[in-house]
Amino acid sequence: MSSRPVRVRFAPSPTGPLHMGGVRTALYNYLFAKKNKGTFVIRVEDTDQTRFVPGAQDYIMDSLKWCGIMPTEGPGLGGDFGPYVQSERRAIYRPYAEELVKNDKAYYAFDTSEELTQMRAQAKEMGMPNWQYNCVTRGSMQNSTTLSSDEVDKRISAGDPYVIRMKMPRNEDIRFHDEIRGWVVVNTNNIDDKVLFKSDGMPTYHLANIVDDHTMEISHVIRGEEWLPSAPLHVMLYGAFGWEAPKFAHLPLLLKPDGNGKLSKRDGDRLGFPVFPTNWTTAEGDVFSGYRENGYFPEAFVNMLAFLGWNPGTTEELFSLEKLSETFSLERVSKAGAKFDPDKTKWFQQQYLRNTDDAVLAEELAVFLENKYPVNKLTTVCKLMKERATFIKDIWTEGSFLLEQPTIFDEKTTRKKWKGNAVELMTDWSKDVLNIETFNADAVEKQFKAFLAERELGVGAVLPLFRLLVTGKGMGPSMFDISEFLGKEECAERLTIGLEKMAKLKPEI
Ligand code: GLU
């Protein structure tokens, strides 16, 4: 086996938004290229013009960019093997299809769609519901294996529509080695004479895919398991052209969280998590939500995706893109389908949020809050709150009390704790607060402990009241840290306002 420079490609069809399974395929290609100092190419496979969706190509490029997995060659990026969009390459395919006909590996077929439908119906009647255009049936159809060459020439010059079909040999085993699945053997009796070139002058996916992978010098084809059934035909085609086939690696399917079946585009809405990297708006205006708009960091999304079907063989789970590029290998990609886990996805996001600098988070929070608050204040908000958040927006949902006085007081804490001598205790404590000279977390804690000792009270009897009045909440970060952040005046003011509001509630005895 010659060792060619590593060149891999991601070959999406612009038939809609890129599902996260597609992003994972792109990611593994990217990682494989990086690891092997190779080139990552993107090629847009748009030979099926009937399924073309405007905007899909831009969506794909934009999503890959968001994930940080941009190819080095591709549409709009340049490279020596372009164009990288198949419809712009249409002129190159026909000669290849003709070459196969000349070498008796393919043939012209003139059957009209009515004739094909009739043939299928007839076969069904005869108890053969799975009629195929193959080595057995081709003998009874209208093609260049049954018509004389004069007749074929006449029909072609008369402009009769035709397709070019692969001449699948009878009863031959096709073997190839898949980098993930090992040896795969398929008998040609199970494969029909696939159309390679269509009557509209366009190649089919199979022909264009093989010609492009060959001419773009692709060394490894890394793609989803759904393409495994096509691989034997592709291997045959490489043989028919006398080309060296690339190595194949078919990635495991992404499964629904319960493991029952493939994770589909519709699952996102049904099960309450995004299946697309970024928001996708249909021509009708329907929006399918994406990870980006749901507040995920691209690093967390990519880390999660990398682990859907691959693992490093250790217990380590947090991998930056760079670290993934150093560690990734196809040997550690599993054959078995990978169950998508929405909770684990959140966990990854949480970890990345925690590991991000407070100042960086604050910049993002500032944008989220439309620059309503200064970044230095938000930096402390992030520092105090990030352990309790998954997304940037949670920092605010949970921690807005740090910058805005509470207007609502947690009902459960009020019910459980606002009783007995609560008013008296908090009135006394607010006086103590005002007496603290150097007002910082340590000083407040010291004063608080002295307050408890004097009254022989436990923390649980007083701290929740202090928290309730100052923050409105039943839980949160250290009250001493919160106090330091708010400062003496603000703390005292909140205690006073809180007491006034709570007074209306009359503590129960
Ligand atoms: N165009 C195919 C797709 O949409 C690519 C299959 C392949 O990578 O060969 O997924």
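Whatever order the structure lists them in is the order used to number ligands and atoms, beginning at 1. Atoms considered below: every heavy atom in the structure, side chains included; atoms not considered: hydrogens, waters and symmetry mates.
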Show every ring pair (Phe, Tyr, Trp, His ring centres under 6.0 Å) that has at least one partner inside residues 181-211, sequence neighbours left out. His177-Trp183, Tyr205-Trp227, Tyr205-His234, His206-His234

Can you see whether Tyr133 has Arg165 sitting over its ring - NZ or CZ less than 6.0 Å from the centre and within 45° of the normal? yes

Suppose the criterion is side chain to side chain donor-acceptor pair (under 3.5 Å): which pairs have a residue in residues 356-369, not counting sequence neighbours? Asp358-Lys386

Filter on salt bridge (charged side-chain N to carboxylate O under 4.0 Å, His left out), then keep only pairs touching residues 292-305, sequence neighbours left out; what's left? Asp62-Arg292

Does Arg90 count as lying over the ring of Tyr93, i.e. NZ or CZ under 6.0 Å from the six-ring centre, within 45 degrees of the axis? no

In chain-and-number order, ligand 1 lies under 4.0 Å from a heavy atom of each of Arg9, Ala11, Ser13, Glu45, Tyr205, Asn209, Arg223, Trp227

Taking the cut-offs as 6.0 angstrom to the six-membered ring centre and 45 degrees off its axis, would you call Lys393 and Trp396 a cation-pi pair? no

